[in-house]
Amino acid sequence: MVRIRYFKGLILSDFSAPGLTWNDELKCYIGPAMKYRDVLYYFKRSNVEVNDEVLELLPFPIITEKIRLRRYQEEALGAWLRTKRGIIVIPTGGGKTVIALKAIALIKQSTLIVVPTIDLLQQWYEKVKDLLGVEAGRIGGGYDELKGITVITYDSAYTQIEKIGNKFAFVIFDEVHHLPSEGYSMIAQGSAAPYRLGLTATPERSDGRDQLYPSLVGPIVYRVAISDLAGKYLSDFTIKRIYVRLTEDEEKLYKHYRGILRNFLVNHNLELKSLEDFNRLVRLAIRDKEAREALLAWHEALKIAVNSKAKIEKLKELLKELKGEKIIIFTRNTSMAYEISKLFLIPAITYKTPKQERIEILEKFRSGKYSVIVTSSVLDEGIDVPDASIAIVLGGYGTPRQFIQRLGRILRKKENKSARLIEIISKGTSDYNLSRRRTQNATL
DNA sequence: TTGACTCAACATCCTTTGCTACAA
DNA sequence: TTGTAGGTTTCCATGTTGAGTCA
């Protein structure tokens, strides 16, 4: 007979099993709690009797479920149910939440839902009430209620997982692309939950840590692309690129800053061909004054390219042409967002916008009182943004994730509506590269 | 309870051009 | 003179969030 138990995010066992190592202090074999399912399976397969004291599950509430899934949602759920582990990839607006709620109704065991923002905490709380007929517990954003179905922020889960890691049989990671980061991955490791579901529209990470998914949650078990749903469940869409040139003054300044960078690289026999090269430059800049100047010059040049005057001129034309349409303008820098806000008298939302003001602006955008808003990257993810028909991208990162998230903002299905994403790009500059990087690698 | 503040964590951060193939 | 192996420092700036503290 082998005894296994839970202790502060770990699983403790009297006997050895794959994934466990001997610990002198605790005088037993230990491993991360996420190994629970494998360890249990290993002992059972080896015909070893187990005294299992790991889980102390919270009671599951009585629910009244009334969810009807679309066909692809059924398929996604079916794929996940085969192993009850893994990630479902569905575009924004494709209805990830209802699949997860249906899964909760089928599993019927205590469930922890991990979300990145307080906005999503509230949205999930409301959905659980609406579609399962129970009040979920909430942890984070000023709440601290532990219940059979609990919604928690990643930040709170990170600090509390040692305490609650054995109280849930099922854990759902919303926007699961956050999970592999160094700190947050501890949540998955410290949880003993045998059933795991990850949800996202954009699983790929630029740091390559998406390779950790199989061990933390399970592999991608189902994936549907935007183009698969466009026309039927999401709006049809078009993507248009408009190229502009820097003004003479901007080009002069741009070349000046790029020259500083280039001279430094040439003089020091360096290249900027990979992210590693770039990080090397960053490390150099800590001590070396010239390297620091080169890096600052790189920042300045990028700012000129991404926020060029020609883009604002083109935007002016577009706003005239698209009068009456619901438009979200996306920028890379907050300064550009505020400049446009001032110039065209458009409300701006950035991370500096107080919460109440943000709610008011979005409400007026929803009701149609505002037809155009400008934002940096706060509205990319995690906030319930009223749908628009046109997205104008003036600047952004080189990541496909941001591109797909922004596109998702205009794809909510409406009758007779075709969505349009318009990118304005400064040709012959690093802005062109950023745009190419984000669109080339995006699976649409 | 609210608001203003600080702090820690997370994310992005690289290729600027010559050539070819292909679609409009 | 040229080549190579071997560690180490989680980061120039900017944007964003949640949590905690204090008045």
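None of these values were measured; they are calculated from a predicted model. Proteins get letters first, then strands, A, B, ... in listed order; numbering begins at 1 in each. Computed from heavy atoms alone, side chains included, the values below leave out hydrogens, waters and symmetry copies.
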Is A/Lys316 close enough and on-axis enough to A/Phe344, meaning under 6.0 Å and within 45°, for cation-pi?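 No.
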
Short side-chain donor-acceptor distance under 3.5 Å, [Y] and [X]:
{"X": "A/Asp380", "Y": "A/Gln405", "result": "no"}
{"X": "A/Glu381", "Y": "A/His177", "result": "yes"}
{"X": "A/Ser389", "Y": "A/Glu325", "result": "yes"}
{"X": "A/Tyr351", "Y": "A/Ser376", "result": "no"}

So [X], base contact, sugar-phosphate only, or nothing? Heavy-atom distance under 4.0 Å.
{"X": "A/Asp380", "result": "nothing"}
{"X": "A/Arg358", "result": "sugar-phosphate"}
{"X": "A/Thr159", "result": "nothing"}
{"X": "A/Pro116", "result": "sugar-phosphate"}

Give me the residues of residues 138-147 of chain A where at least one heavy atom lies under 4.0 Å from an atom of DNA chain C, by number, or none.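 A/Gly140, A/Gly141 - these, ordered by number, are the residues of the stretch whose heavy atoms sit under 4.0 Å from the strand.
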
For [X], does the [atom1] atom sit with more than 12 other heavy atoms under 6.0 Å from it, leaving out its own atoms?
{"X": "A/Arg420", "atom1": "CZ", "value": "no"}
{"X": "A/Glu360", "atom1": "CD", "value": "yes"}
{"X": "A/Arg412", "atom1": "CZ", "value": "no"}

Where does the chain A footprint on DNA chain C start and end, counting 5' to 3' with a 4.0 Å heavy-atom cut-off?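 The contact span of chain A on DNA chain C goes from C/dT9 to C/dA19.
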
Given the [atom1] atoms of [N] and [M], what is the spacing between them in whole Å?
{"N": "C/dG7", "M": "B/dT20", "atom1": "P", "value": "46 Å"}
{"N": "C/dG15", "M": "C/dC11", "atom1": "C1'", "value": "16 Å"}
{"N": "B/dA9", "M": "C/dT10", "atom1": "C1'", "value": "12 Å"}
{"N": "B/dT17", "M": "C/dC12", "atom1": "C1'", "value": "28 Å"}
{"N": "B/dG18", "M": "C/dG6", "atom1": "P", "value": "40 Å"}
{"N": "B/dC14", "M": "C/dA13", "atom1": "C1'", "value": "16 Å"}

With the sugar-phosphate defined as primed atoms, P, OP1 and OP2, and the base as all remaining atoms, what B/S/- string results for nucleotides 7-18 of chain B, 5' to 3', for protein heavy atoms under 4.0 Å? ---SSSBBBBB-

For DNA chain C, whose closest nucleotide is more 5', that of A/Thr375 or that of A/Arg292?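 Of the two residues, A/Arg292 wins.
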
Using heavy-atom distances to pick each residue's nearest nucleotide on DNA chain C, tell me which of A/Arg287 and A/Ser377 is more 5'.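 On the 5' side of the pair lies A/Arg287.
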
Taking side-chain contact (heavy atoms from CB on, under 4.5 Å) as the test, write out the residues that go with A/Tyr143, two or more places apart.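 Expected list: A/Leu121, A/Gln122, A/Arg138, A/Glu145.
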
Within residues 268-312 of chain A or reaching into it, pairs that qualify as ring-ring contact (aromatic ring centres under 6.0 Å, His included) - sequence neighbours excluded: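 Counting only pairs at least two positions apart or across chains, the ring-ring contact (aromatic ring centres under 6.0 Å, His included) contacts touching residues 268-312 of chain A are A/Phe264-A/His268, A/Phe278-A/Trp298.
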
Using the test salt bridge (charged side-chain N to carboxylate O under 4.0 Å, His left out), find all partners of A/Lys311 that sit at least two apart in sequence or belong to another chain.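 Partners of A/Lys311 under the salt bridge (charged side-chain N to carboxylate O under 4.0 Å, His left out) test: A/Asp431.
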
Looking at residues at least two apart in the chain, or sitting in another chain, which of them share a salt bridge (charged side-chain N to carboxylate O under 4.0 Å, His left out) with A/Lys273?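 By the salt bridge (charged side-chain N to carboxylate O under 4.0 Å, His left out) rule, A/Lys273 matches A/Glu271.
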
Protein-nucleotides 19-24 of chain B N/O pairs under 3.5 Å:
none

Distance (rounded to the nearest 0.5 Å) between A/Leu434 CG and A/Tyr397 OH: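 Interatomic distance, A/Leu434 CG to A/Tyr397 OH, rounded to 0.5 Å: 11.0 Å.
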
With A/Ile390, which of A/Ile422, A/Leu318, A/Ile410 fulfils side chain to side chain contact (heavy atoms under 4.5 Å, CB included)?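 Single side chain to side chain contact (heavy atoms under 4.5 Å, CB included) partner of A/Ile390 among A/Ile422, A/Leu318, A/Ile410: A/Ile422.
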
By ring-ring contact (aromatic ring centres under 6.0 Å, His included) - contacts of A/Phe170 (at least two apart):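 Testing A/Phe170 for ring-ring contact (aromatic ring centres under 6.0 Å, His included), a comparison that skips the adjacent residues, returns A/Trp80.
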
Quick one: salt bridge (Lys or Arg N to Asp or Glu O under 4.0 Å) pairs with a partner in residues 225-239 of chain A, sequence neighbours left out?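 As it turns out, there is no salt bridge (Lys or Arg N to Asp or Glu O under 4.0 Å) pair with a partner in residues 225-239 of chain A once direct neighbours are skipped.
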
Qualifying salt bridge (Lys or Arg N to Asp or Glu O under 4.0 Å) pairs, either residue in residues 293-305 of chain A, two or more places apart: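 Salt bridge (Lys or Arg N to Asp or Glu O under 4.0 Å) check on residues 293-305 of chain A returns A/Glu300-A/Lys303.
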
Does the structure show a Watson-Crick or G-U wobble partner for C/dA5, both distances under 3.5 Å? Name it, or say none.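 Paired with C/dA5, as far as the under-3.5 Å criterion goes, is no nucleotide at all.
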
Can you list the stems that DNA chain B is part of, where a stem is at least 3 pairs in a row, each Watson-Crick or G-U, with both distances below 3.5 Å?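 Only these stems qualify: B:2-12 with C:13-23.
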
